[in-house]
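Labels below follow one simple rule: chain letters A, B, ... track the order of the sequence lines, proteins then strands, and each chain is numbered from 1.
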Amino acid sequence: MGQKKQRLLEAEQHPSPPDRAQTLSPLEPCLRPPATLSPQRSIYFSSPKSHSAQLGSEFFDQPAVHLARAFLGQVLVRRLEDGTELRGRIVETEAYVGPEDEAAHSRGGRLTPRNRGMFMKPGTLYVYIIYGMYFCMNVSSRGDGACVLLRALEPLEGLGTMRQLRSTLRRGAAGRALKDRELCSGPSKLCQALAIDKSFDQRDLATDKAVWLERSPPGSGEPAVVAAARVGIGHAGEWAQKPLRFYVQGSPWVSVVDRAAEQNART
DNA sequence: TTTTTGATAGTCT
DNA sequence: GACTATCAAAAAG
């Protein structure tokens with residue numbers, strides 16, 4: 001049963017043979033370009049226009065709560081293997097502040113092979129599988145075991161491709177066409193729309209060639225931000241209530257709005 | 001409109 | 001063996 005979906009997934013990722021999956025990750029050790037010595041070319045210009053505004057490591061090096069807010073308005077870019085670029089403005093995030101956070105996978109200082117990305121340097125991705133069938137995408141922040149979950153995007157570029165990826169990957173088969181608002185309004189939806197899967201785990205958002213962050217274009221002023229309780233944290237006592245979810249007020253692209261929180265926020 | 005429920009598999013106890 | 005940082009279809013109001 002799951003086979004069909006499985007194959008679709010693989011087809012998306014590697015149009016050609018399967019092999020390399022088991023072998024050592026080809027990405028990890030070579031953060032610096034293998035051929036560092038080409039004297040003329042700055043790496044910043046090697047890939048013409050697209051990387052111009054890529055945010056570097058400094059941006060990610062701030063506490064989870066700050067980073068979660070700073071993400072709002074920035075543009076997440078995904079470059080597919082065929083060169084297609086998908087863009088979406090981040091409109092909703094959640095902060096997971098570290099070992100003391102009962103709702104975090106790093107609670108109590110747990111460090112496992114799965115959540116290792118949370119403990120790696122700021123800007124490292126932590127991608128995990130949820131409910132056996134979906135992915136969630138986090139970005140490590142300053143602080144051990146602290147990170148930010150990306151929950152929703154406003155799709156800007158490549159909507160057609162996103163729709164295609166979403167309807168191919170999602171269960172419930174072909175069905176109706178998805179509305180724009182359904183493309184990226186949820187942590188696993190945005191992963192589907194941008195073809196983000198487990199192979200992105202532990203990659204560096206500051207240097208990766210297939211996924212990166214761009215500073216929001218100037219002129220787009222500070223958005224009004226709502227702080228609300230995080231989603232899907234039934235347990236975790238007091239930590240479930242804390243206002244660690246942030247979203248752009250009034251944005252139609254947000255996954256879950258919290259009217260009560262918006263009332264209280266009238267400051 | 002809101003709520004309930006089934007799908008599905010890696011990870012941890 | 002229990003538990004998910006979810007999604008979408010079906011059922012209920």
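Of all nucleotides listed (dC12(B), dG10(B), dA5(C)), dC12(B) comes nearest to the side chain of T112(A). Considering only the side chain of P187(A), dC7(C) comes nearest among dC7(C), dT11(B), dA5(C). Side-chain proximity of S188(A) to dC7(C), dA5(C), dT11(B): nearest is dC7(C).
Two residues, E182(A) and V231(A), neighbour DNA chain C, and the one matched to the more 5' nucleotide by heavy-atom proximity is V231(A). For the pair K198(A) and Y131(A), both in contact range of DNA chain B, the more 5′-proximal nearest nucleotide belongs to Y131(A).
Atom CE in M133(A) sits about 12 Å away from atom P in dA9(C), given to the nearest Å. Atom CZ of R107(A) and atom P of dT11(B) are 15 Å apart (whole Å). As a whole-Å value, the separation of Y134(A) OH from dG10(B) P is 16 Å. When the P atom of dT6(C) is taken as reference, atom OH of Y128(A) falls 6 Å away, rounded to whole Å. Atom CG in L150(A) sits roughly 14 Å away from atom P in dT6(C) (whole-Å rounding). Distance, R230(A) CZ to dT6(C) P: 12 Å, rounded to whole Å. To the nearest angstrom, P of dG10(B) lies 16 Å from NE2 of H105(A). Separating the CG atom of D197(A) from the P atom of dA9(B) is a distance of 16 Å, rounded to the nearest angstrom.
With both pairing distances under 3.5 Å, dA10(C) is matched to dT3(B) as a Watson-Crick or G-U wobble pair. A 3.5 Å limit on both hydrogen-bonding distances identifies no Watson-Crick or G-U partner for dT8(B).
When the options M120(A), R114(A), M118(A) are evaluated for a side chain to side chain contact (heavy atoms under 4.5 Å, CB included) with R116(A), the one that passes is M120(A).
Classification of the F71(A)-F59(A) ring pair by plane angle, with boundaries at 30° and 60°, yields tilted.
Between R78(A) and E85(A) there is no salt bridge, since no side-chain N of the basic residue sits under 4.0 Å from a carboxylate O of the acidic one. Taking the charged nitrogens against the carboxylate oxygens, E182(A) and R166(A) have no contact shorter than 4.0 Å, which rules out a salt bridge.
The shortest distance between the side-chain N/O atoms of R151(A) and the OP1/OP2 oxygens of dT6(C) is below 4.0 Å. Distances shown here put a side-chain N or O of R166(A) below 4.0 Å from the OP1 or OP2 atom of dA8(C). Distances shorter than 4.0 Å separate none of the side-chain N or O atoms of R245(A) from OP1 or OP2 on dA5(C). Note on K189(A): a side-chain N or O is less than 4.0 Å away from OP1 or OP2 of dA8(C).
Side chains of E262(A) and V257(A) form a contact here, defined as non-hydrogen atoms less than 4.5 Å apart.
Ring-to-base geometry places Y96(A) in a stacked arrangement with dA5(C) (centre distance under 5.5 Å, plane angle under 30°).
M118(A) comes within contact range of at least one nucleobase, with a heavy-atom separation under 4.0 Å.
Put simply, V231(A) and Y128(A) are part of two different groups of oily side chains (I, L, V, M, F, W, Y) that touch within less than 4.5 Å, one to the next.
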